[in-house]
Amino acid sequence: MKITQTGLQLIKEFEGCHLKAYQDVVGVWTIGYGVTNADKSITGKTITKGMTISQATADTWLRECLEKKYLPLVMKYDYKYHWNENEANALLSFCYNIGSIKQLTADGTRTRAEIASAILKYNKAGGKVYAGLTRR
């Protein structure tokens, strides 16, 4: 499965784009569509205070991070769940935000209903509930 335009737009909408580095709600330096230093192996850059990037770089980094890191994490469980396009897009957005879906799926041992219930618990950052995470 490849990243769909719908999935890409979904992630862009939830993440928003910031061409100047900022610290997220838990203090992590972030830029573009939510790229952090956790993605340094893909971007080749360390996100620091004052850093700026172009819109083209933001778009490229998002696509590369999704294709190289996050989509493979989602598709790791496709053998069991056979995600449809909408599920894959939603889980890709979730995985990009959280960094994994291993815990959400309990490493592939949860049912779809259990996953749907568990995903609702991922609305906090630094122990605080955030409306944006609840909406996502």
Side-chain angles (χ1 to χ4, degrees):
M1 184 173 278
K2 292 190 176 227
I3 299 166
T4 66
Q5 191 60 34
T6 301
L8 195 57
Q9 287 308 120
L10 177 74
I11 292 166
K12 285 181 173 184
E13 178 185 328
F14 279 124
E15 292 293 338
C17 186
H18 302 272
L19 301 179
K20 184 174 181 181
Y22 67 98
Q23 287 182 293
D24 71 7
V25 296
V26 294
V28 175
W29 284 106
T30 307
I31 200 164
Y33 292 102
V35 172
T36 68
N37 288 320
D39 301 311
K40 184 178 179 177
S41 65
I42 297 166
T43 66
K45 301 288 183 183
T46 299
I47 313 305
T48 58
K49 181 179 182 176
M51 180 180 189
T52 60
I53 59 173
S54 68
Q55 184 65 55
T57 297
D59 291 336
T60 297
W61 283 0
L62 175 62
R63 183 169 286 282
E64 287 180 357
C65 288
L66 293 173
E67 288 174 353
K68 293 177 181 178
K69 184 175 179 182
Y70 299 99
L71 185 60
L73 295 175
V74 171
M75 296 314 293
K76 174 182 178 182
Y77 300 100
D78 190 54
Y79 76 94
K80 175 172 182 172
Y81 299 106
H82 307 288
W83 312 121
N84 67 38
E85 185 176 299
N86 289 334
E87 291 167 334
N89 286 337
L91 288 166
L92 181 58
S93 176
F94 176 89
C95 186
Y96 184 67
N97 185 257
I98 301 296
S100 174
I101 67 164
K102 185 175 183 174
Q103 284 184 306
L104 177 65
T105 66
D107 202 19
T109 63
R110 285 191 172 138
T111 65
R112 286 173 176 270
E114 289 170 328
I115 292 169
S117 177
I119 203 168
L120 300 174
K121 298 174 185 171
Y122 288 86
N123 65 344
K124 298 172 191 74
K128 183 177 174 187
V129 174
Y130 285 89
L133 295 177
T134 300
R135 181 175 156 255
R136 175 175 284 195

Engineer: Taking I115 as the starting point, is it possible to reach V74 by hopping between hydrophobic residues whose side chains are less than 4.5 Å apart?
Structural biologist: yes
Engineer: Does any N or O in the side chain of Y96 come within less than 3.5 Å of the main-chain N or O of Y33, such that one atom is a donor and the other an acceptor?
Structural biologist: yes
Engineer: Can you tell me how far the OG1 atom of T6 sits from the CD atom of E85, to the nearest 0.5 Å?
Structural biologist: 6.0 Å
Engineer: Give, for atom OG1 of T60 and atom CD1 of I42, the distance between the pair rounded to the nearest 0.5 Å.
Structural biologist: 12.5 Å
Engineer: Quick one: list whatever passes salt bridge (charged side-chain N to carboxylate O under 4.0 Å, His left out) with K69, sequence neighbours left out.
Structural biologist: D39
Engineer: Please determine whether residues I3 and I101 belong to a single hydrophobic cluster, defined as Ile, Leu, Val, Met, Phe, Trp and Tyr linked transitively by side-chain heavy-atom distances below 4.5 Å.
Structural biologist: yes
Engineer: Give the minimum heavy-atom separation between C95 and Y70, together with the two atoms involved.
Structural biologist: O-CD2, 3.6 Å
Engineer: For K40, check side chain to side chain contact (heavy atoms under 4.5 Å, CB included) against everything at least two apart and list the hits.
Structural biologist: T46
Engineer: Give the table of side-chain donor-acceptor pairs shorter than 3.5 Å for residues 61-68, with sequence neighbours excluded, one pair per line with atom names and distance.
Structural biologist:
{"unit_1": "R63", "atom_1": "NH1", "unit_2": "E67", "atom_2": "OE2", "d": "3.4"}

Engineer: By side chain to side chain contact (heavy atoms under 4.5 Å, CB included), which residues pair with D24, not counting sequence neighbours?
Structural biologist: Y22, V26, V28, T30
Engineer: To check you understand the geometry: which heavy-atom pair defines the closest contact between K121 and K124, and what is its length?
Structural biologist: O-NZ, 3.8 Å
Engineer: Let's go through L104 and L91 carefully: what are the C-alpha distance in whole Å and the side-chain angles of both, what is the deciding distance for side-chain contact (heavy atoms from CB on, under 4.5 Å) to 0.1 Å, and is it a yes or a no?
Structural biologist: CA-CA 10 Å; L104 177 65; L91 288 166; 3.7 Å; yes
Engineer: Name all residues meeting the side-chain hydrogen bond (donor to acceptor under 3.5 Å, both in side chains) criterion together with Q5; count only those two or more places apart in sequence or in a different chain, and write none if there are none.
Structural biologist: Q9
Engineer: Taking all non-hydrogen atoms of both residues into account, name the closest pair between S93 and L10 and its distance.
Structural biologist: CB-CD2, 4.0 Å
Engineer: Is there a path of hydrophobic side-chain contacts, each under 4.5 Å between heavy atoms of I/L/V/M/F/W/Y residues, joining L8 to L19?
Structural biologist: yes
Engineer: If the condition is side-chain hydrogen bond (donor to acceptor under 3.5 Å, both in side chains), which residues does K12 pass it with, not counting sequence neighbours?
Structural biologist: D59
Engineer: Run the side chain to side chain contact (heavy atoms under 4.5 Å, CB included) test against K80 and tell me which residues pass, sequence neighbours left out.
Structural biologist: none
Engineer: Just jot down the salt bridge (charged side-chain N to carboxylate O under 4.0 Å, His left out) partners of D78, sequence neighbours excluded, or say none.
Structural biologist: none
Engineer: Can you name the residues that form a side-chain hydrogen bond (donor to acceptor under 3.5 Å, both in side chains) with T57, not counting sequence neighbours?
Structural biologist: S54
Engineer: Where do C17 and A58 come nearest, in terms of heavy atoms and distance?
Structural biologist: SG-CB, 3.8 Å
Engineer: Could you note down all residue pairs passing side chain to side chain donor-acceptor pair (under 3.5 Å) where residues 108-119 supplies at least one of them, sequence neighbours left out?
Structural biologist: E87-R112, T111-E114
Engineer: Going by ring pair (Phe, Tyr, Trp, His ring centres under 6.0 Å), name the residues that satisfy it together with Y81, two or more places apart in sequence or in a different chain.
Structural biologist: W83
Engineer: Measuring from atom CG of D107 to atom OG1 of T105, what distance do you get when rounded to the nearest 0.5 angstrom?
Structural biologist: 6.0 Å
Engineer: For I47 and N37, work out which heavy atoms get closest and say how close.
Structural biologist: N-OD1, 2.5 Å
